[in-house]
Amino acid sequence: MGYNFNGIEKKWQQRWKENNTYRITENSEKEKFYVLNMFPYPSGAGLHVGHPLGYIASDIFARYKRLQGYNVLNPMGYDAYGLPAEQYAIQTGQHPQVTTEQNIARYREQLDKIGFSFDWEREIRTCDPEYYHWTQWAFIKMFNHYYDNAAKCCKPISELIEKLSTGGTASIDAACTEELNITADEWNAMDHKAQQETLMNWRIAFLNETMVNWCPKLGTVLANDEVVDGVSERGGYPVVQKKMKQWCLRVSAYAQRLLDGLDKIDWTESLKETQRNWIGRSEGTEMQFRIKDSDVEFTIFTTRADTIFGVTFMVLAPESELVAQLTTEAQKEAVEAYIDRTKKRTERERMIDRKVTGVFTGSYAINPITGEEIPVWVSDYVLSGYGTGAIMAVPAHDSRDYAFAKHFGIEIRPLIEGCDVSEESFDAKEGIMTNSPTAAFADCKLNLNGLTVKEAIAATKAYVTQNNLGRVKVNYRLRDAIFSRQRYWGEPFPIYYKNGVPYPIPEECLPLELPEVEKFLPTESGEPPLGHAKLWAWDTAANCVTDKANINNETIFPLELNTMPGFAGSSAYYLRYMDPRNHTALVSSKADKYWQNVDLYVGGTEHATGHLIYSRFWNMFLFDLGASVKEEPFQKLINQGMIQGRSNFVYRIKDTNTFVSLNLAKEYDVTPIHVDVNIVANDILDIEAFRAWRPEYKNAEFILENEKYICGWAVEKMSKSMYNVVNPDTIVEKYGADTLRLYEMFLGPIEQSKPWDTNGIDGCHRFLRKLWNLFFDKDDNLIVSDEAPTKEELKSLHKLIKKATEDIPAFSYNTAVSAFMICTNELGTLKCNKRAILEQFVIVLAPFAPHICEELWEILGHTTSVCDAEWPAFNADYLKEDTIKYTISFNGKARFTMEFAADADKADIEAQVLANEQTGKYLDGKAVKKMIVVPKKIVNIVF
RNA sequence: GCUCGAAUGGUGGAAUCGGUAGACACGAAGGACUUAAAAUCCUUUGGCAUUUAAACGCCGUGCGGGUUCAAGUCCCGCUUCGAGUACCA
């Protein structure tokens, strides 16, 4: 009979469910530990073997921590709102709710077979009104707050209104869309609607007319991180720029805190670097330039204030409002033609085709320091969204300006000693400044000659500030998040519109449930799918949803038709797991205080600039509100690598139905054909299965090598079309969940991407069988004895305990699995069947292979779960040696070995080495210059 | 272009503070057991050369230098691959 994994795994999965083994409460004397996986989007394809990688890794850690005595929260849920379900609904008319629930059921079934220690009573789904209640709640809070720059936290909008009505904008220092200048009198003179519109300038959730990434094919806008290479991340459809009124979140207000927070968390350096680049802090100077013969002034941003004397032209972004103001009558036609042309180009076209283009506005700006007249141009290489949408161009020291100047024949004026700008610009921020004007601009008091670039930047900044020509400014690349999606399957905004002014519905009326619609497509008039909803108006008298037909009534108003994007629901879910059934708060302060934040977060790097930025922002906001006790949600982050597919090929001889084995294929003219990896084992094709796979292969002939058909292979993305998808269920059926768990960990370092390759799985399975055989003889008789273990057995066990105790916290799971194999082999050789040894072995292995360990634990006579056992303490005494073997080297080359007593001191060892006959032989009369005795068992003699 | 990261047998991968490579597993070859197969167990397995045999020897961690008694590991200069980002002024 032996190791019957199928029976064992079913039995224990059932038992865990019945006994609520993984149910966790916060009412514990124990110290907490919070483990979290990025929750999955339940797609229709189900799980493949790559998905559980991170779940297994975190499950091992959770179980390990539990054995160490911690109260471990290890929850799971579903990120259930999303585009694929909606696309599917459009095509088939099936309600996304229905397909999503089917997919979730399938996921759950698959997950259950792998033996995770999830507390399923805490399961959450983002599409559940109970859950999105709190997504909407947070949105209303963001609507009702602004960000106070001086206090570095958010404050209620009512405080801002108070300030505006008493001191105007002069009295506030707050994150805003644009700098406004309003006096208290002006503010107080505004009507209600105008005031509300003005407040959008500061709200953290605000409506704004912005250029957005519009994807016509998907019929929705996309956030910057959802656009890759100018096409949509999902589907790969073209994206164009379009101006639309959208809800936005003022993520940029938190840019500095998002940057600073990175120093306090334990993430990989590369991921932090990715976020730093995404936030893109740059310190520079803003300077005012006046237009010649005009009152118009405009501001530019530069990080190279030192190059002010090298400015030979200015450039405006085509979208800039200044363009119309500055274009002279003579240039009007040319400028308009140019702007028309750039508008038509998509983001993608702009990226592929980087020809230098531009047009002169006809106006001249005055250099504020030298008084020089500088032509102002328009070009699409300047972006409207960054800085001020206008630049001072210094062709000598900026490659883009250089290309522009060369193309249009504009002067290139070098400012750094010895730099050669005849072929390309000198962009480096190093060198000594020269060419500061002296005689030519008599008024100019600034002389940078002889300074380094760094000093020159500082000197210019100081000069500009002192003379009121501009100010020091920090810019961030990080943009505000566009928060509206023209979709059905997402969280509705808790917003209604009265006379065009948005108002949140009262918090006590949440959740505002997603209404039913007849069709999931946009309406004929181009409204989002919610435009189809009949019951989609807000009755402010009754505080409830009502029929749209009643809108003529004075108290009934239309509700927002957009829904929230995918990242809305995933931004604070970790808090909800702490207290998932709370009806009165996102999380009770008691639960929040107990669980604090996530100690270990496991997920893919692909979320570096999306989810991981948004959730940090969202959580910081909740922290400011006092709704979360920690500023950073995820203390430690591990990025599991992707598991790629390993495709197999057969080689068909052209125009025949004959297939030739890999190593003979080069002798023929062959076509490689993908073959289903599930009918290939160790690259050997199951010929009968192949003939049965497809009708056209029924009569296939084969040219074999060594009577086998060897398939070729390649690493590709795991996908249906490559026939390389491996299901965890298949593996579980064939080898068991414990083998799957061990093998996924054994494949390699957790953070590394690697192809799924079943070739090695037998080794892991064999290991479990060997372990089983330590307990039973051939006839299934239990052979465990109560004898005292020998010194050697204890040594083997404690080597394992030491390794596991070190490797698990370091996430070096692959070497930990090796250690189990080594120990099993050693115990097998020693024919060890001692209870004292096996019992501890089982505890240490339990995080990796929980089913077999529960079974063996029970066989050893325990009535409680192995989950509640105590992690064995490592005892170094067992590893102590009586003697230590040293390698004796001469000039670094190892020659022979010698044994010494473990407590021998350095002088002892030296004396004995010198006295040894072999030493004499190798020294051959030469004098010993130096002898190094390394505690790591090496003696090196230098002669 | 810029910023990170990586490169070790036939394969996946080990190697802590620099300590004398290749753990563990797969695959392969040979053997034991068996009527046979499966399963299990044992031996060999980086390369080269040598020997009756054993031991020993030489070369080996992408390439070229350097530091050190000692380098896969540290430093300098390259090559290749991967990831992120990109008119960010």
Side-chain angles (χ1 to χ4, degrees), chain A residues 2 228-229 268-278 280-282 284-285 300-305 307 315 317 350-351 354 356 379-383 385-394 397-401 403-404 427 475-479 605-606 608-609 639 641-642 646 682-684 706 713 742-743 746-749 751-755 757-764 766-767 769-770 773 778 806-807 810 812 814-822 825 828-829 886-896 929-943:
Chain A
V228 179
D229 293 333
T268 58
E269 228 11 79
S270 74
L271 189 69
K272 287 193 200 177
E273 198 59 27
T274 304
Q275 289 213 342
R276 282 189 194 109
N277 290 340
W278 189 258
R281 182 181 202 273
S282 90
T285 315
I300 59 95
F301 174 78
T302 180
T303 54
R304 292 296 301 274
T307 58
V315 188
R350 255 170 88 158
M351 263 193 283
R354 286 207 185 154
V356 176
S379 173
D380 67 358
Y381 83 88
V382 172
L383 305 177
Y386 184 78
T388 60
I391 62 157
M392 61 178 217
V394 186
H397 302 293
D398 182 284
S399 52
R400 295 152 302 178
D401 298 345
F404 194 88
D427 290 14
N475 256 331
Y476 299 91
R477 205 192 74 121
L478 184 72
R479 308 293 172 78
T605 19
E606 65 271 22
T609 54
N639 292 117
M642 293 250 282
R646 188 179 187 279
N682 290 353
D683 290 337
I684 297 164
N706 302 326
W713 61 273
L742 280 165
Y743 185 56
F746 185 67
L747 262 176
E751 305 211 346
Q752 192 174 304
S753 286
K754 56 231 153 188
D757 175 357
T758 331
N759 290 350
I761 199 165
D762 288 313
C764 289
R766 218 167 274 160
F767 151 66
R769 275 213 304 267
K770 283 182 197 170
N773 291 337
K778 274 193 213 101
E806 286 167 0
D807 282 356
S812 184
N814 55 334
T815 54
V817 175
S818 294
F820 286 114
M821 292 177 176
I822 294 169
N825 287 342
T829 309
Y886 277 75
T887 303
I888 314 299
S889 301
F890 294 84
N891 281 353
K893 289 213 191 296
R895 292 299 171 185
F896 62 94
K929 271 195 205 151
K930 200 152 93 174
M931 193 184 300
I932 295 117
V933 179
V934 183
K936 293 228 170 153
K937 303 167 199 168
I938 286 159
V939 179
N940 196 8
I941 297 165
V942 187
F943 59 86

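This is a predicted model, so every value here is computed, not measured. So you know, we letter chains A, B, ... as the sequences are listed, proteins then strands, and number each from 1.
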Distance (rounded to the nearest 0.5 Å) between [X] [atom1] and [Y] [atom2]:
| X | Y | atom1 | atom2 | result |
| --- | --- | --- | --- | --- |
| Gln275(A) | Leu478(A) | CD | CG | 9.5 Å |
| Leu742(A) | Ile761(A) | CG | CD1 | 9.5 Å |
| Gln752(A) | Asn639(A) | CD | CG | 13.5 Å |

Please report the distance, rounded to the nearest Å, between [atom1] in [X] and [atom2] in [N].
| X | N | atom1 | atom2 | answer |
| --- | --- | --- | --- | --- |
| Phe820(A) | A14(B) | CZ | C1' | 17 Å |
| Asp380(A) | A89(B) | CG | P | 18 Å |
| Glu806(A) | C17(B) | CD | C1' | 14 Å |
| Glu751(A) | G13(B) | CD | P | 14 Å |
| Glu269(A) | A6(B) | CD | C1' | 17 Å |
| Asn475(A) | A89(B) | CG | P | 9 Å |
| Arg477(A) | C2(B) | CZ | P | 17 Å |
| Asn277(A) | A83(B) | CG | C1' | 12 Å |

Given [options], the nucleotide with the shortest approach to the side chain of [X]:
| X | options | answer |
| --- | --- | --- |
| Ile391(A) | A89(B), G13(B), U85(B) | A89(B) |
| Ser889(A) | U20(B), A89(B), C24(B) | U20(B) |
| Thr815(A) | A14(B), A89(B), U85(B) | A14(B) |
| Pro749(A) | G13(B), A89(B), A23(B) | G13(B) |
| Gln752(A) | G84(B), C87(B), G13(B) | G13(B) |
| Met821(A) | A14(B), A25(B), G12(B) | A25(B) |
| Tyr381(A) | A14(B), G84(B), C87(B) | C87(B) |
| Ser818(A) | A89(B), A86(B), A23(B) | A23(B) |
| Thr274(A) | G27(B), G12(B), G84(B) | G84(B) |

Quiz item: Toward the 5' end of RNA chain B, which comes first, Gly387(A) or Ser270(A), by nearest nucleotide?
Solution: Ser270(A)
Self-check item: Given RNA chain B, 5'-ward residue of the pair Thr887(A) and Glu273(A), judged by closest heavy atom
Solution: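 Its nearest nucleotide lies further toward 5', so the answer is Glu273(A).
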Is there side-chain contact between [X] and [Y], with heavy atoms separated by less than 4.5 Å?
| X | Y | value |
| --- | --- | --- |
| Arg276(A) | Glu273(A) | yes |
| Asp398(A) | Arg304(A) | no |
| Ile391(A) | Asp401(A) | yes |

Quiz item: So does Lys754(A) get a side-chain nitrogen or oxygen closer than 4.0 Å to the phosphate oxygens (OP1/OP2) of G12(B)?
Solution: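 No.
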Practice problem: Please determine if a side-chain N or O atom of Asn639(A) lies less than 4.0 Å away from the OP1 or OP2 oxygen of A83(B). | Solution: no
Name the pairs: protein N/O against N/O of nucleotides 56-59 of chain B, kept only if under 3.5 Å.
{"unit_1": "G57(B)", "atom_1": "OP1", "unit_2": "Arg895(A)", "atom_2": "NH1", "d": "3.1"}

In whole angstrom, give me the gap between the [atom1] atoms of [N] and [M].
| N | M | atom1 | value |
| --- | --- | --- | --- |
| G18(B) | G13(B) | P | 25 Å |
| U73(B) | G9(B) | P | 15 Å |
| C42(B) | A25(B) | P | 11 Å |
| G82(B) | U43(B) | C1' | 40 Å |
| U61(B) | A54(B) | C1' | 30 Å |
| A71(B) | G64(B) | C1' | 16 Å |

Quiz item: Going by distance alone, is a donor N or O of one side chain under 3.5 Å from an acceptor N or O of the other, for Ser399(A) and Asp427(A)?
Solution: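 Yes, because at least one side-chain N or O of Ser399(A) sits under 3.5 Å from a partner of the opposite role on Asp427(A).
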What nitrogen or oxygen pairs link the protein and nucleotides 39-42 of chain B at under 3.5 Å?
{"unit_1": "A39(B)", "atom_1": "O3'", "unit_2": "Arg769(A)", "atom_2": "NH2", "d": "3.1"}
{"unit_1": "U40(B)", "atom_1": "OP1", "unit_2": "Arg769(A)", "atom_2": "NH2", "d": "2.5"}

Quiz item: Mind checking what makes side-chain contact (heavy atoms from CB on, under 4.5 Å) contact with Asn475(A), not counting sequence neighbours?
Solution: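 Applying side-chain contact (heavy atoms from CB on, under 4.5 Å) to Asn475(A) gives Ser282(A), Phe301(A), Tyr386(A), Lys473(A).
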Quiz item: Under the side-chain contact (heavy atoms from CB on, under 4.5 Å) test, which residues partner Ile888(A), sequence neighbours left out?
Solution: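 In terms of side-chain contact (heavy atoms from CB on, under 4.5 Å), with neighbours along the sequence ignored, Ile888(A) is linked to Tyr886(A), Phe890(A), Phe896(A), Met898(A), Val913(A), Val939(A), Ile941(A).
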Self-check item: Anti versus syn assignment for C17(B), with syn defined as within 90° of 0
Solution: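 That one's syn.
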Exercise. Taking syn as within 90° of 0 and anti otherwise, name the glycosidic form of G30(B).
Key: anti
Quiz item: Which is true for Asp757(A) with a 4.0 Å heavy-atom rule: it touches a base, it touches only sugar-phosphate, or it touches nothing?
Solution: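 Nothing, no heavy atom under 4.0 Å.
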Exercise. With heavy atoms under 4.0 Å as the rule, sort Ile932(A) into base, sugar-phosphate or nothing.
Key: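 Contact class for Ile932(A): base.
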Quiz item: Mind checking what makes ring-ring contact (aromatic ring centres under 6.0 Å, His included) contact with Tyr476(A), not counting sequence neighbours?
Solution: none
Self-check item: Nearest non-hydrogen partners of Ala816(A) and Asp807(A), listed with the distance
Solution: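 Closest pair (atom of Ala816(A), atom of Asp807(A), distance): N-OD2, 3.4 Å.
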Quiz item: Val382(A) and Ala317(A): which non-hydrogen atoms are nearest, and at how many Å?
Solution: O-CB, 3.3 Å
Quiz item: Does Ser753(A) use its side chain to pair, donor to acceptor, with the backbone of Met642(A) at less than 3.5 Å?
Solution: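 Judged by distance alone, yes, a pair lies under 3.5 Å.
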Practice problem: Only stems of 3 or more consecutive Watson-Crick or G-U pairs count here, both distances under 3.5 Å; name the ones for RNA chain B, or none. | Solution: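 If one scans RNA chain B for consecutive Watson-Crick or G-U pairs, the stems found are B:1-7 with B:79-85, B:10-12 with B:24-26, B:27-32 with B:40-45, B:46-48 with B:57-59, B:62-66 with B:74-78.
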